[in-house]
2 protein chains.
Amino acid sequence: MPGAQNIKVAVDAVVFGYTSKEGLSVLLIKRNIQPFKNSWALPGGLVRDDESLEDAVQRELREETSISISYLEQLYSFGEPGRDPRNRVISITYYGLVRPDAFDVKADTDASDVAWFNIKKLPSLAFDHTTIISVAHERLKSKMLYQPVGFELLEEKFPFSELEKLYLAVLDRPFDRRNFKKKITKYGFLEETNEKQALEGAGRPGNLFRFNEEKYFLLKKEGISFEI
Amino acid sequence: MPGAQNIKVAVDAVVFGYTSKEGLSVLLIKRNIQPFKNSWALPGGLVRDDESLEDAVQRELREETSISISYLEQLYSFGEPGRDPRNRVISITYYGLVRPDAFDVKADTDASDVAWFNIKKLPSLAFDHTTIISVAHERLKSKMLYQPVGFELLEEKFPFSELEKLYLAVLDRPFDRRNFKKKITKYGFLEETNEKQALEGAGRPGNLFRFNEEKYFLLKKEGISFEI
DNA sequence: GCAAAAGTGTTTGGACTACACCCATGT
DNA sequence: ACATGGGTGTAGTCCAAACACTTTTGC
């Protein structure tokens, strides 16, 4: 009988948040243990023997960042020997989306070890976490081309330009404003309210929209064909 | 310090093969150890401490089925507590595609514990392997709508109808023959040869095609937009 | 000659692209 | 009045869908 396997199983989470001010952001923690003590890293940790992978992610997020998250999806499993300098650790990664409410963690832990970082201004990160974030970003980009995205990231009501800015921030390339609106509204998962809202600064106030959850999740299942 | 983690890490592979006679098939092994002794199962096993996940998959495939495989992609990681009745085992699954040549394993191991099963006639399987196969099948279905598929599954030269039957077998729904040909040939990754080949039985012999590997793999990277 | 598979074109509607001007508000 | 962002329509092009008959071969 060969020696027992000596590999640890961890989960890590790439949590995306969005505000029009800060753009697309990722939630990071500052490690206070070795290895990579004092480096920024993705929230995560070892899976307990009796909990599911999703539960482990939620627990770590609660423990390390005090947020909990409604949309979470498995991303990829990273398992190269040597990705952790001490033990063999394979990491099963997830990515999630949160609404701006969860940005409160930032205020609460201002001087602490949790913070949001704009996706384009990431610090250097522990382990292979930079790679993991870029895989997550690619996944999100391609996802938003065949499924509606936004419900999990925007406030309940929002001017249409918020959705547009979200797509711009994630896709990171320009597109035609009018055509985008036509395509999005065609699917009917957006409802127009009668309320208007002026953004800060000058400009004509825009109508507020909200998602029709039923149609949104239906289209999420069925998939849409989107070419922005 | 809490008790050490006691979770094992395994890999499992869903290997798809295709012939026009047998259709889309999956490579299975018959287990000769507990648990699920004498059940059919996916090839796979525990990862060694010093090998990468991909290496582990290739090694298990070699040991258990004697095939090696050129196209292999990570599928998903399954980790529910209880999916293995004895220990906590998380399985990182891969899927792969092989050409009919590899179907030789069937002949070689006729009376043994390796066999191909048509995707629609699977036996009952160990663990959650039925679920894993259906996830892999769904992945393959959606993959072939945005990337060319076939090079890894067909012989070097083949009549066009072979490719069409492959798509029919995987997608498992009818589509228009003429429009399919227009769409496929438009991308230019197929080359027409001057050879003709009569299938068994009656019918007009068709021209043989081959893949232009360069364009094929280019389109594989770039992605194509396919609506069959 | 008949059964089986291969080969091939046209029409039509819908979808995507490109593109520019006026409107409502704050300062 | 001007700066800022909101709101809107059309013409042209391309792509996809629908659709059926003729050709080559084996038997």
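Here is how names work: the chains are called A, B, and so on, in the same order as the sequence lines, proteins then strands, and each is numbered from 1.
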*Give a yes/no answer on whether the side chain of Lys183(A) brings an N or O atom under 4.0 Å of OP1 or OP2 in dT17(C).*
yes

Arg99(B) meets the side chain to side chain donor-acceptor pair (under 3.5 Å) criterion, sequence neighbours left out, with none

In whole angstroms, the gap separating P of dG7(C) from CD of Glu192(B) amounts to 7 Å

task = Check whether the side chains of Tyr18(B) and Glu162(B) place a donor and an acceptor atom closer than 3.5 Å, and report yes or no.
result = no

- Would you indicate, yes or no, if dG6(D) has its OP1 or OP2 atom less than 4.0 angstrom from a side-chain nitrogen or oxygen of Ser161(A)? yes

Taken to the nearest whole Å, CG/Asn207(A) to P/dT25(C) is 11 Å

Here the distance between atom C1' of dA15(C) and atom CZ of Phe180(A), to the nearest Å, is 17 Å

Under a plain distance cut-off of 3.5 Å, with no hydrogens placed, do Glu152(B) and Tyr216(B) share a side-chain donor-acceptor pair? yes

* Does any donor atom in the side chain of Asn118(A) or Glu22(A) lie under 3.5 Å from an acceptor atom in the other side chain? -> no

Item to check | Lys220(B) to Tyr71(B) six-membered ring, cation-pi geometry met (6.0 Å, 45°) | outcome: yes

Bend of the helix from dG1(C)-dC27(D) to dC21(C)-dG7(D) from end-axis comparison, five pairs per end, nearest 10°, comes to 10°

| message | Parallel, tilted or perpendicular: which one describes the rings of Phe189(A) and Phe211(A), with boundaries at 30° and 60°? | response | parallel

Scoring nucleotides 19-27 of chain D by protein non-hydrogen atoms under 4.0 Å (B base, S sugar-phosphate only, - none) yields BB--BBBS-

For Glu192(B), look at atom CD and say whether over 12 heavy atoms of other residues, nucleotides or ligands are found less than 6.0 Å away. yes

Practice item. Flag yes if more than 12 heavy atoms outside Glu63(B) fall under 6.0 Å of its CD atom; otherwise flag no. Key: yes

In whole angstroms, the gap separating C1' of dC15(D) from OH of Tyr187(B) amounts to 10 Å

